[in-house]
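The chains referred to below are lettered A, B, ... by the order of the sequence lines, with proteins before strands, and numbering in each begins at 1. Everything numeric in this text was worked out from a predicted model, so none of it was measured. Note that these values count all heavy atoms, side chains included, but never hydrogens, waters or copies made by symmetry.
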Amino acid sequence: MKVLTAMEFEGIRIDEGFLNDYSKELEKEAKAAEESVYAQAGVRFNLASPKQLGEVLFDKMQIDPKAKKTKTGQYATGEDVLLKLASKNKIVDDILVFREFTKLKSTYVDALPLMINIKTGRVHTSYAQAVAVTGRLSSNNPNLQNIPIRTERGREIRKAFIPRDKDHVLISADYSQIELRIVAAISGDENMCEAFKTGKDIHNATAAKVFNVAEKEVTKEMRYKAKSVNFGIIYGQGAFGLAENLGISRTEAKEIIDNYKKQFPNIQKYMDDTIHFAQEHGYVQTLMGRKRWLRDINSANFTVRAFAERNAINSPIQGSAADMIKLAMIKIHREFNKHNFKSKMLLQVHDELVFDAHRSEVEKIKPIILDCMQHALALPNDVPTDAELGVGENWLEAH
DNA sequence: TCTCTCACG
DNA sequence: ACGTACGTGAGAGAC
């Protein structure tokens, strides 16, 4: 609580001028996409309304005779739905561009400057410790744990997160593959533990096993698929989900998963054991003993029960990673106080910590941050943890 | 206030 | 036959 209070109190500096300029740019481009949509549709409507968009696409234009509806009877117009129609209909690209740019503008670029505290000139998030059921933190008002990074236009926004003054830089430090390391450690799967102990690229190593080729023979496509399986495993994904995710047949997806389970037998065992434990005790727990209660684990309803089973698999993994980074944060906070550093820890984003670092202290705090993160919580089966650190004039550069 | 959509790990 | 990958917060529209 003390650590989080200090971070909230400190806040982070935002480049208001940069965001104001970017807002105008996004507005121009969103408008262009919007006009293009109206021209192609032959009608003007509120493109920001999923209801109206659905009616235009599927009633008026009839671009998909098999259009799906949501549970309330509206046409579904989510990104996944639209992407499947993109190859045949040019209008879809413009809709997606409009969605992306207006989302970025309203949620981040226009909203963040309004959140700057008048007294401090900085943005102060609030962290909640008792919201996420897995033990993760959550961030609100504003949420600084979902600042864009995945798209080129979204990523730009990170340039607006800057050091407090000329004497400081931003440092970002993040755990590498922490959840997969925890899977390896908790399950004790020999192949996966070995991959981490020898410092291998885990997705490459997985691909070699799953597709039964030498590690040097792994293609980009094989690695991409293996990466998807690795993430899916953490969440209890099945063949349907993997197929959907990779755009492959369910048969191929099933083969990949079956092979995965064969190559990493103890991961399958971990999943079975964890579900069984939950059925007996009504909860699962993290490495530090945080419990998640699963009242539906013995439900007679398949869908409800399956959901609880996926929670049982995922929660100890996600929650143990949360335990670990919290311990690291406490260690770092104490070390910084002990050395009377001017540098401050500012943000936590689940597997990442962001710091305002005084230029004179950068080389001193680097190893302290990395050491605290790497040794916060020793994993079972001697699985090593690893963290990476970057320095920059803004959050994007530091990442 | 609910629904849909979409931003992050 | 069913539904299908976990955890969040927030904006816009609709009611």
Enquirer: Would you mind reading off the distance between A:L82 atom CG and B:dC6 atom P, rounded to a whole angstrom?
Expert: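 Rounded to the whole Å, the gap is 7 Å.
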
Enquirer: Between atom CZ in A:R153 and atom P in B:dA7, what is the gap in whole Å?
Expert: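 Atom-to-atom, A:R153 to B:dA7, this comes out as 14 Å.
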
Enquirer: Quick one: sort the A:F264 and A:Y260 rings into parallel, tilted or perpendicular, breaks at 30° and 60°.
Expert: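 Because their plane-to-plane angle lies in the 30° to 60° range, the rings of A:F264 and A:Y260 count as tilted.
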
Enquirer: Could you check which of C:dA10, B:dA7, B:dG9 has an atom nearest any side-chain atom of A:E79?
Expert: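 Nearest to the side chain of A:E79 among the choices is B:dA7.
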
Enquirer: Looking at the side chain of A:S49, which of B:dG9, C:dA10, C:dA14 is the nearest nucleotide?
Expert: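 Among the listed nucleotides, the one closest to the side chain of A:S49 is C:dA14.
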
Enquirer: Looking at C:dG11, C:dG9, C:dG7, which one has an atom nearest to any side-chain atom of A:N140?
Expert: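 Nearest to the side-chain atoms of A:N140, counting from C-beta on, is C:dG9.
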
Enquirer: Look at the side-chain N and O atoms of A:N311 and state whether any lies under 4.0 Å from the OP1 or OP2 oxygen of C:dG7.
Expert: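 Yes, because at least one side-chain N or O of A:N311 sits under 4.0 Å from OP1 or OP2 of C:dG7.
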
Enquirer: Select one nucleotide: of C:dA5, C:dG3, C:dG13, the one nearest the side-chain heavy atoms of A:N46.
Expert: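 Nucleotide nearest to A:N46's side chain: C:dG13.
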
Enquirer: Side chain of A:Q237: nearest nucleotide among C:dC6, B:dC8, C:dA5?
Expert: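 Selected nucleotide: C:dA5.
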
Enquirer: Across the strands shown, which category fits A:N143 at heavy-atom distances under 4.0 angstrom: base, sugar-phosphate, nothing?
Expert: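 It contacts sugar-phosphate atoms only.
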
Enquirer: C:dT4 and B:dC4: how far apart are their P atoms, nearest whole angstrom?
Expert: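 The answer is 14 Å between these two P atoms.
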
Enquirer: Report the distance from atom CZ of A:R310 to atom C1' of C:dT4, rounded to the nearest whole Å.
Expert: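 My rounded result for the distance is 6 Å.
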
Enquirer: For a quick check of understanding: with a heavy-atom distance under 4.0 Å over all strands, which category does A:I313 fall into, base, sugar-phosphate or nothing?
Expert: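 A:I313: no heavy atom of the nucleic acid under 4.0 Å.
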
Enquirer: Mark yes or no for whether A:S23, through its side chain, and A:L19, through its backbone, hold a donor-acceptor pair below 3.5 Å.
Expert: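 Not a single qualifying donor-acceptor pair exists.
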
Enquirer: Can you identify which nucleotide, out of C:dG13, B:dG9, C:dG9, has its nearest atom closest to the A:S138 side chain?
Expert: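 Per side-chain heavy atoms of A:S138, the pick is C:dG9.
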
Enquirer: Taking A:D189 for the side chain and A:N266 for the main chain, is one N or O donor matched with an acceptor at less than 3.5 Å?
Expert: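 Yes, the answer is positive, given that a donor and an acceptor are paired below the 3.5 Å cut-off.
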
Enquirer: Rounded off to whole Å, could you give me the CD-to-P distance for the A:E55 and B:dC4 pair?
Expert: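 Whole-Å distance recorded here is 14 Å.
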
Enquirer: Would you indicate what A:R136 reaches in the nucleic acid, counting non-hydrogen atoms under 4.0 angstrom: base, sugar-phosphate, or nothing?
Expert: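 Touches a base.
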
Enquirer: Could you please name the option among C:dG11, B:dC6, C:dC6 that lies closest to any side-chain atom of A:R292?
Expert: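 Of the options given, the side chain of A:R292 lies nearest C:dC6.
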
Enquirer: Short question: side chain of A:N314, backbone of A:Y235 - any donor-acceptor pair under 3.5 Å?
Expert: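 Not a single qualifying donor-acceptor pair exists.
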
Enquirer: Return the value, rounded to whole Å, for the distance between atom CD of A:Q318 and atom C1' of B:dG9.
Expert: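 For the pair A:Q318 CD and B:dG9 C1', the rounded distance is 8 Å.
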
Enquirer: Provide, to the nearest angstrom, the distance between the CZ atom belonging to A:F45 and the P atom belonging to C:dA12.
Expert: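 From A:F45 CZ to C:dA12 P: 18 Å.
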
Enquirer: Of the nucleotides B:dT5, B:dG9, C:dT4, which one has an atom closest to the side chain of A:T77?
Expert: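 Minimum distance to the A:T77 side chain belongs to B:dT5.
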
Enquirer: Among the candidates C:dC6, C:dC2, B:dT5, find the nucleotide nearest to the side-chain atoms of A:N314.
Expert: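 Among the listed nucleotides, the one closest to the side chain of A:N314 is C:dC6.
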
Enquirer: Distance-only, no hydrogens or angles: does the A:S139 side chain make a donor-acceptor pair with backbone N or O of A:L144 under 3.5 Å?
Expert: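 Confirmed, A:S139 side chain pairs with A:L144 backbone.
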
Enquirer: For A:I12 and A:I162, work out which heavy atoms get closest and say how close.
Expert: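 Looks like CG1-O, 4.3 Å.
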
Enquirer: Round to a whole Å and report the spacing from CG of A:D110 to C1' of B:dA7.
Expert: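 After rounding, the gap between these two atoms is 15 Å.
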
Enquirer: Any side-chain N or O of A:R99 below 4.0 angstrom from OP1/OP2 of B:dC6?
Expert: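 Answer yes for this pair, as a side-chain N or O of A:R99 is under 4.0 Å from OP1 or OP2.
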
Enquirer: Using a 4.0 Å heavy-atom cut-off across all strands, classify A:A76 as base, sugar-phosphate, or nothing.
Expert: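 Here A:A76 touches the backbone only, sparing every base.
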
Enquirer: Touch check for A:R250, heavy atoms < 4.0 angstrom, all strands: base, sugar-phosphate only, or nothing?
Expert: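 Result for A:R250 = base.
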
Enquirer: If you look at every strand shown and take non-hydrogen atoms under 4.0 Å, does A:T102 touch a base, only sugar-phosphate, or nothing?
Expert: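 No contact.
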
Enquirer: Looking only at side-chain N and O atoms, does A:R150 come under 4.0 Å of OP1 or OP2 in B:dC6?
Expert: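 No, A:R150 has no side-chain N/O under 4.0 Å of OP1/OP2 on B:dC6.
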
Enquirer: Which nucleotide, if any, forms a Watson-Crick or G-U wobble pair with C:dA1, using both distances under 3.5 Å?
Expert: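 Across all strands, not a single nucleotide pairs with C:dA1.
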
Enquirer: Assign A:F307 to base, sugar-phosphate, or nothing according to its heavy-atom contacts below 4.0 angstrom with the strands shown.
Expert: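 Since only primed, P, OP1 and OP2 atoms lie under 4.0 Å of A:F307, the category is sugar-phosphate.
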
Enquirer: How long is the line joining CG of A:L53 and C1' of B:dT5, in whole Å?
Expert: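 The answer, rounded to whole Å, is 11 Å.
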
Enquirer: Identify which nucleotide among B:dT5, C:dC6, C:dA14 has an atom closest to any side-chain atom of A:Q52, counting heavy atoms from C-beta outward.
Expert: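 So the side chain of A:Q52 is nearest to C:dA14.
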
Enquirer: For A:Y38 and A:F45, take the angle between the two ring planes, folded into 0 to 90°, and tell me which bin it lands in: parallel under 30, tilted 30 to 60, perpendicular over 60.
Expert: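 Perpendicular, since the angle between the ring planes exceeds 60°.
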
